[in-house]
Asks: 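Dumping the structure here so I can ask a few things about it.
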Amino acid sequence: MHQHPSYSPAAVADLCKRFPLLQRLMALEPVTWFNPERLPADLALPGVGLTAADADDAAARLARFAPFFCSAFPETSALGGLLESPVQAIPRLQQALERHFGQALGGRLLLKRDDALPVSGSIKARGGIYEVLQHAEKLALKAGLLHLDDDYARLDSDAFRDFFGRYSIAVGSTGNLGLSIGIISARLGFRVSVHMSADAREWKKRLLREHGVKVVEYDSDYSVAVAQGRAEAEQDPLCHFVDDENSVQLFLGYAVAGLRLKAQLEQQQIKVDRDHPLFVYLPCGVGGGPGGVAFGLKLAFGDAVHCVFAEPTHSPCMLLGVHTGLHDAISVQDLGIDNITAADGLAVGRASGFVGRAMAPMLDGFYTLPDQDLLFLLGLLAREEAIRLEPSALAGMPGPWRVVGETQGYHQRLGLSPERLARAHHLVWATGGGMVPEEEMAHYLAAGA
């Protein structure tokens, strides 16, 4: 387990002197911070320790598993067994938000519909499912039961379920990662346990149990669920622990999204280059999902893409870690911030040190927003575009106006002239909501109204 320092009042006061922004975080004020140390992609990418070849390898593995998905999850056959989501323009919402913020956007607002990803209805279907597939393939290849040129549809069989049944998988989660890993692991035949933090929604626990997953509940937050899951897995040599804080495989599963987005935008004849910048707004919890996606985006688009992370005012762990340079050596609780938010997927107090260090030089900026804004935006999107998301998936929505209205010298620093901004596309990554039960959604919509 990680041992982290806890900060005395004097140490916190000293940090606030060095980083005045922290006082606004502690006051739970919405903040926007543009990263003065952002580097050009060709200088930043080598620092990740992973390459385009690694992301291509992940994409190839997902392609090998496509026949398995067509067999095991027939809803994926429309896309030939690939787990992918559409990109759509949301002009009615764009107009509503231009009125709300009193500012025209100039460019176009797009939504990346990861709420519609098959199998588990959230962005976690990318990383979580990928890591389980990578592990399953490795075990089956090593046992001589599978060859790389086989038709992977054969994995959807009792023979393979019996084989994988000797092994187990464990993960700590606030909900969506547990859902994606539980569903795919159970379908392959693994024994699987999901360690859920106190903020995980009841319906997610119920759904996992229906799939035969062992759900272990905790009264504390995400970090404790992960630590306990990790400790339990270490006791069992046949157990694979999916480490949301440090996993390279999760990160690569997410990175494939960036590569695929390039083809999707080309199909829609959306140009992305220096004169037609693409801004992508990613909700951030521990950081693996948005970090991996941003890595893929940088591989695909280089400096033409601008990645901005969004967090709740009560859980600004990645902004805190990157801004101070302390990464996973500090938590929001060290500053007296409670890490309690309606955005259950973002309720993380301590960011991934791996993602923070790897991705900080590639990220344009960070902002925070209060829960009431998430719920207001959830209601507005449902009314204007008839799209229903879970609260955390709305975190990216105010981002375009934070970027366009900035006054910190960010536009100037990156050569984002008014002409370039007028030709920009602003893509909000909708990270989840596809499996939210009706009664839960009704509750969100009522709160949003």
Side-chain angles (χ1 to χ4, degrees), residues 1-8 11-12 14-16 18-19 21-22 25-26 31 33 35 37 44 47-50 124 127-128 131 170-174 177 195 197 199 218 220-231 233-234 241-252 254 282-295 307 309-341 343 345-363 365-366 368:
M1 274 181 59
H2 313 308
Q3 287 305 314
H4 293 290
S6 55
Y7 289 73
S8 67
V12 170
D14 179 53
L15 269 177
C16 289
R18 287 167 53 208
F19 304 104
L21 182 76
L22 300 193
L25 288 186
M26 289 162 74
V31 303
W33 177 65
N35 178 9
E37 292 173 4
V48 178
L50 297 164
K124 301 295 187 178
E131 175 153 345
V171 64
S173 172
T174 59
L177 182 66
H195 297 255
S197 52
D199 34 61
Y218 297 91
S220 38
D221 83 344
Y222 164 86
S223 296
V224 173
V226 173
Q228 292 297 122
R230 189 186 284 117
E234 278 165 5
F241 178 67
V242 178
D243 188 338
D244 198 11
E245 293 174 333
N246 304 297
S247 169
V248 168
Q249 296 305 331
L250 277 181
F251 188 82
L252 287 171
Y254 296 123
L282 293 148
C284 180
V286 77
V293 170
F295 174 62
C307 302
F309 282 11
E311 298 180 290
T313 49
H314 284 256
S315 308
C317 67
M318 188 61 77
L319 168 53
L320 172 63
V322 171
H323 183 63
T324 59
L326 290 165
H327 299 294
D328 56 348
I330 191 166
S331 74
V332 303
Q333 290 94 334
D334 289 329
L335 300 188
I337 301 171
D338 64 11
N339 188 34
I340 295 172
T341 167
L346 310 182
V348 178
R350 191 185 301 278
S352 161
F354 156 57
V355 173
R357 289 181 187 93
M359 294 306 299
M362 274 179 254
L363 302 177
F366 299 80
T368 64

Asks: Which class fits the ring pair F309 and F366: parallel under 30°, tilted 30 to 60°, perpendicular over 60°?
Replies: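 Geometry flag for F366 against F309: perpendicular rings.
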Asks: List the steps and the verdict of side-chain contact (heavy atoms from CB on, under 4.5 Å) for E245 and Y222.
Replies: CA-CA 10 Å; E245 293 174 333; Y222 164 86; 3.9 Å; yes
Asks: So V171 and E131, do their side chains get closer than 4.5 Å, heavy atoms only?
Replies: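 Counting from C-beta outward, E131 and V171 never come under 4.5 Å.
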Asks: With a 4.5 Å heavy-atom cut-off, do D334 and L15 have their side chains touching?
Replies: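 Not touching, per the 4.5 Å side-chain cut-off.
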Asks: I want to check something: taking the side chain as every heavy atom from C-beta on, are H323 and F19 in contact at a cut-off of under 4.5 Å?
Replies: yes
Asks: Between L252 and F295, which heavy-atom pair has the shortest distance, and what is it?
Replies: CD2-CE2, 4.5 Å
Asks: Are L326 and Y7 close enough, and set up right, to give a side-chain contact (heavy atoms from CB on, under 4.5 Å), and what steps lead you there?
Replies: CA-CA 12 Å; L326 290 165; Y7 289 73; 3.7 Å; yes
Asks: Measuring only between side-chain heavy atoms, which start at C-beta, is V322 closer than 4.5 Å to H327?
Replies: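 Yes; the side chains approach each other to less than 4.5 Å.
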Asks: Do the side-chain N and O atoms of S315 and N339 include a donor-acceptor pair separated by under 3.5 angstrom?
Replies: yes
Asks: So, do P316 and V332 sit near enough that their side-chain heavy atoms are less than 4.5 Å apart?
Replies: yes
Asks: State, to 0.1 Å, how close V12 and M26 come at their nearest heavy-atom pair, and which atoms those are.
Replies: CG1-CE, 3.9 Å
Asks: What pair of heavy atoms forms the shortest contact from F251 to M359, and how long is it?
Replies: CZ-SD, 3.8 Å
Asks: Can you tell me how far NE2 of H195 sits from CZ of R230, rounded to the nearest 0.5 angstrom?
Replies: 11.5 Å
Asks: How close do G349 and C317 get, heavy atom to heavy atom, and via which atoms?
Replies: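 Smallest heavy-atom distance, with atoms named: O-CB, 3.4 Å.
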Asks: Is any side-chain heavy atom of L250 less than 4.5 Å from a side-chain heavy atom of L177?
Replies: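 The answer is yes; the side chains approach within 4.5 Å.
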Asks: I'd like to know if the side chain of N35 reaches the main chain of A360, judged simply by a donor and an acceptor atom lying under 3.5 Å from each other, with no hydrogens or angles considered.
Replies: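 Yes, N35 side chain to A360 backbone: donor-acceptor pair under 3.5 Å.
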Asks: If you look at every heavy atom in T324 and L320, which pair is closest and at what distance?
Replies: OG1-O, 2.7 Å
Asks: Given the rule in the side-chain contact (heavy atoms from CB on, under 4.5 Å) test, do L21 and L319 qualify, once you have shown the distances and angles that lead to the verdict?
Replies: CA-CA 10 Å; L21 182 76; L319 168 53; 4.2 Å; yes
Asks: Can you give me the closest heavy-atom contact between F241 and G229, atom names plus distance?
Replies: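 Minimum heavy-atom separation between F241 and G229: CE1-C, 3.4 Å.
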Asks: Can you confirm whether V286 sits close enough to V226 that some side-chain heavy atom of one is under 4.5 Å from a side-chain heavy atom of the other?
Replies: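 Side chain of V286 against side chain of V226, heavy atoms only: no contact under 4.5 Å found.
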Asks: What's the spacing between I337 CD1 and T368 OG1 if we round to 0.5 Å?
Replies: 9.0 Å
Asks: Could you tell me if the side chain of K124 sits less than 4.5 Å from the side chain of S173, heavy atoms only?
Replies: no
Asks: Quick one: does any side-chain atom of E311 pair with a main-chain N or O of M318 as donor and acceptor, under 3.5 Å?
Replies: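 Looks like yes, one N/O pair under 3.5 Å.
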